[in-house]
There are 2 protein chains.
Amino acid sequence: MEKTECHKKLMEVGTQLFSERGLKGVSIRELSLAAGTSISMISYHFGSKEGLYQAVLQQQFACFKEIHEIRERVTDPVEMVKSYLLWTFGRHRNNPYLLRFYTSELTNPTAFFEPLVMPVIDEVIVTMAGAIEEGIRQKKFREDVDPTNAALALAGMVNYFFLSSLATRNLISHSPEKDEMLVQQYLDIFTRGIGASSV
Amino acid sequence: MEKTECHKKLMEVGTQLFSERGLKGVSIRELSLAAGTSISMISYHFGSKEGLYQAVLQQQFACFKEIHEIRERVTDPVEMVKSYLLWTFGRHRNNPYLLRFYTSELTNPTAFFEPLVMPVIDEVIVTMAGAIEEGIRQKKFREDVDPTNAALALAGMVNYFFLSSLATRNLISHSPEKDEMLVQQYLDIFTRGIGASSV
DNA sequence: TGTATTCGAACGAACGTTCGATTCCTATCA
DNA sequence: TGATAGGAATCGAACGTTCGTTCGAATACA
């Protein structure tokens, strides 16, 4: 779908700079300089600066659709929690920008939050809440657990881990080879936390 | 410590507008209009727009010092987790702006992140990790739990809950009277999750 | 040859800051 | 007590800069 080298380069630098400093924090002169083009290319290819931001945002959030495929493939609730953790870890590991866009839009929403961001957050939480609800019906999770709150707690634990590691590198050693262990640890904490018995 | 009505009003509107849209997202004309003063008052009272932002940030983050008093007062590790949850819930309930500043600085750091924000995050996590470590020594928490990761998971669960409720009001019914129940629920999830036995 | 792409210059608007004039407050003195 | 001097506080206007966008010319491509 990428048309020209200029278009592609602007998407790249837009992704990097917007994720670090937000929509208002980056000027088109800075973007075009980093992309090695002229400032008029942004309006030409994307209509406006906000158009570039929107294009980047859409590209970043496309991966959230995967939750539905995972939900269809994985039937067991506990296994679904593990799949979510692995999926989320993978997402953040091979895309360091996604979490910044996600959290930045949550905290300081732009005009694109409601149409672009809100729906995907909603889908993920609702999907996971559904899986947890099913786990409760199967007596695998405790009855007194609120599915939506539990889904938020799960998402909170893992997203916040990466959020903190964005800034406080000294607190966390985040080597990819330790991911397997971390996923297992978070899975343990969570399933023990809401589980009727340990798994 | 507040000098004049103008100074006080600028702090108020600065807190509200900066928290919603960030440092770059608010202009001094917008600030002064909302405060009912002239634009020159910002430079007069705070030196610059960034000076106002810094003043607001310092005021917002002052409350994080309380974690030390709590740690001194509460000796039992499990009780410390509960105190942390109650403290955090209370903090977010009576100050809707704090979490936005906190998360915004984490995601899109300004020049004030390193000197002002980073230290307080560090202190809270280290303090809670210390409490959890003591819990492990007392055989109240499992041996294979990493204290820092567990502290991050705890902070993640509860902060993310409020972060989500900032934007997705439809997902969560956040009535203050339910806080007691929510705190207990998060405490259950967490202490069960890392605990050697349920409490 | 004609369409798509890129560039550099220029535009008006909005930005944060500065500055002289004015108002407000308070301590001081007749 | 009433007048007043002086400093603090506030205002409105203007400054120079940066912002995002536009546009005609130039280039590349098919």
Side-chain angles (χ1 to χ4, degrees), chain A residues 1-59 101 104-105 108-113 115-116, chain B residues 1-59 101 104-105 108-113 115-116:
Chain A
M1 193 52 69
E2 284 144 1
K3 301 168 185 181
T4 67
E5 189 66 27
C6 175
H7 183 283
K8 186 179 156 191
K9 207 84 179 71
L10 279 173
M11 285 291 286
E12 283 176 19
V13 302
T15 302
Q16 189 191 329
L17 294 181
F18 281 140
S19 76
E20 286 168 359
R21 277 178 270 150
L23 173 58
K24 291 284 184 72
V26 192
S27 71
I28 55 168
R29 277 164 182 83
E30 204 170 2
L31 285 163
S32 55
L33 184 70
T37 66
S38 63
I39 55 172
S40 37
M41 284 299 93
I42 293 172
S43 291
Y44 178 76
H45 282 294
F46 302 96
S48 64
K49 177 188 164 185
E50 299 208 347
L52 171 59
Y53 182 80
Q54 177 177 13
V56 168
L57 215 57
Q58 270 168 333
Q59 189 187 63
F101 282 110
S104 175
E105 282 289 338
N108 305 129
T110 69
F112 308 108
F113 174 77
L116 291 182
Chain B
M1 194 51 73
E2 286 142 0
K3 301 170 185 178
T4 68
E5 191 66 28
C6 174
H7 183 284
K8 185 178 157 191
K9 207 85 178 68
L10 280 172
M11 285 291 285
E12 282 177 18
V13 303
T15 302
Q16 190 191 329
L17 294 180
F18 281 140
S19 76
E20 285 168 1
R21 278 178 268 151
L23 173 58
K24 291 282 183 74
V26 192
S27 72
I28 56 168
R29 278 164 182 82
E30 204 170 1
L31 284 163
S32 55
L33 184 71
T37 66
S38 62
I39 55 172
S40 37
M41 283 300 94
I42 293 170
S43 291
Y44 178 76
H45 282 294
F46 302 95
S48 65
K49 178 186 163 186
E50 299 209 347
L52 172 57
Y53 182 80
Q54 177 176 15
V56 168
L57 216 57
Q58 270 169 332
Q59 190 186 62
F101 282 110
S104 175
E105 282 289 338
N108 305 129
T110 68
F112 308 108
F113 174 77
L116 290 182

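Chain letters run A, B, ... following the sequence lines, proteins first, then strands; residues in each count from 1. This one's a predicted model, so the numbers in the text were calculated from it and none came from an experiment.
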Can you find a heavy atom in the side chain of A:F112 that is under 4.5 Å from one in the side chain of A:Q58?
no
Output yes when B:K24 and B:E50 qualify as a salt bridge under the 4.0 Å nitrogen-oxygen rule, no when they do not.
no
Any residue of residues 14-22 of chain B with a heavy atom less than 4.0 Å from an atom of DNA chain D
none
What is the distance, to the nearest angstrom, from the CD1 atom on B:I39 to the P atom on D:dA13?
11 Å
Would the distance check show the side chain of B:N108 and the main-chain N or O of A:S104 forming a donor-acceptor pair, the cut-off being under 3.5 Å?
no
Mind checking B:S27 for me? I need base, sugar-phosphate or nothing, with any heavy atom below 4.0 Å counting as a touch.
sugar-phosphate
Can you tell me how far C1' of D:dT18 sits from NZ of B:K49, to the nearest Å?
12 Å
Check the distance between C:dT17's C1' and B:F46's CZ and give it to me in whole angstrom.
16 Å
Measure CG/B:L33 against P/D:dG12 and give the value in whole Å, please.
12 Å
Just N and O in the side chain of A:S40: are any of them under 4.0 Å from OP1 or OP2 of D:dT22?
no
Indicate yes or no for a side-chain donor-acceptor contact from B:E105 to the backbone of B:T110 under 3.5 Å, with no hydrogens or angles considered.
yes
Picking from C:dT17, C:dT6, D:dG12, the nucleotide nearest the side-chain atoms of A:S38 would be C:dT6
Of the listed nucleotides C:dA4, D:dT21, D:dT10, the one nearest the side chain of A:R29:
D:dT21
More 5' along DNA chain C: A:C6 or B:S43, using each one's nearest nucleotide?
A:C6
B:H45 side chain N/O closer than 4.0 Å to the phosphate oxygens (OP1, OP2) of D:dA8?
no
Taking atom P of C:dC15 as reference, at what distance in whole Å does atom NZ of B:K24 sit?
13 Å
Can you classify the ring geometry of A:Y53 versus A:F18 as parallel (below 30°), tilted (30 to 60°) or perpendicular (above 60°)?
perpendicular
To the nearest Å, give me how far apart CD1 (A:I42) and P (C:dT5) are.
16 Å
Would you say A:S43's side chain and A:S40's backbone share a donor-acceptor pair under 3.5 angstrom?
no
B:L31 CG to D:dT10 C1', straight-line distance once rounded to whole Å:
17 Å
Whole-Å distance separating the CE atom of A:M41 from the P atom of C:dA4:
14 Å
Main-chain N/O of B:V26 paired with B:K49 side-chain donor or acceptor, under 3.5 Å
yes
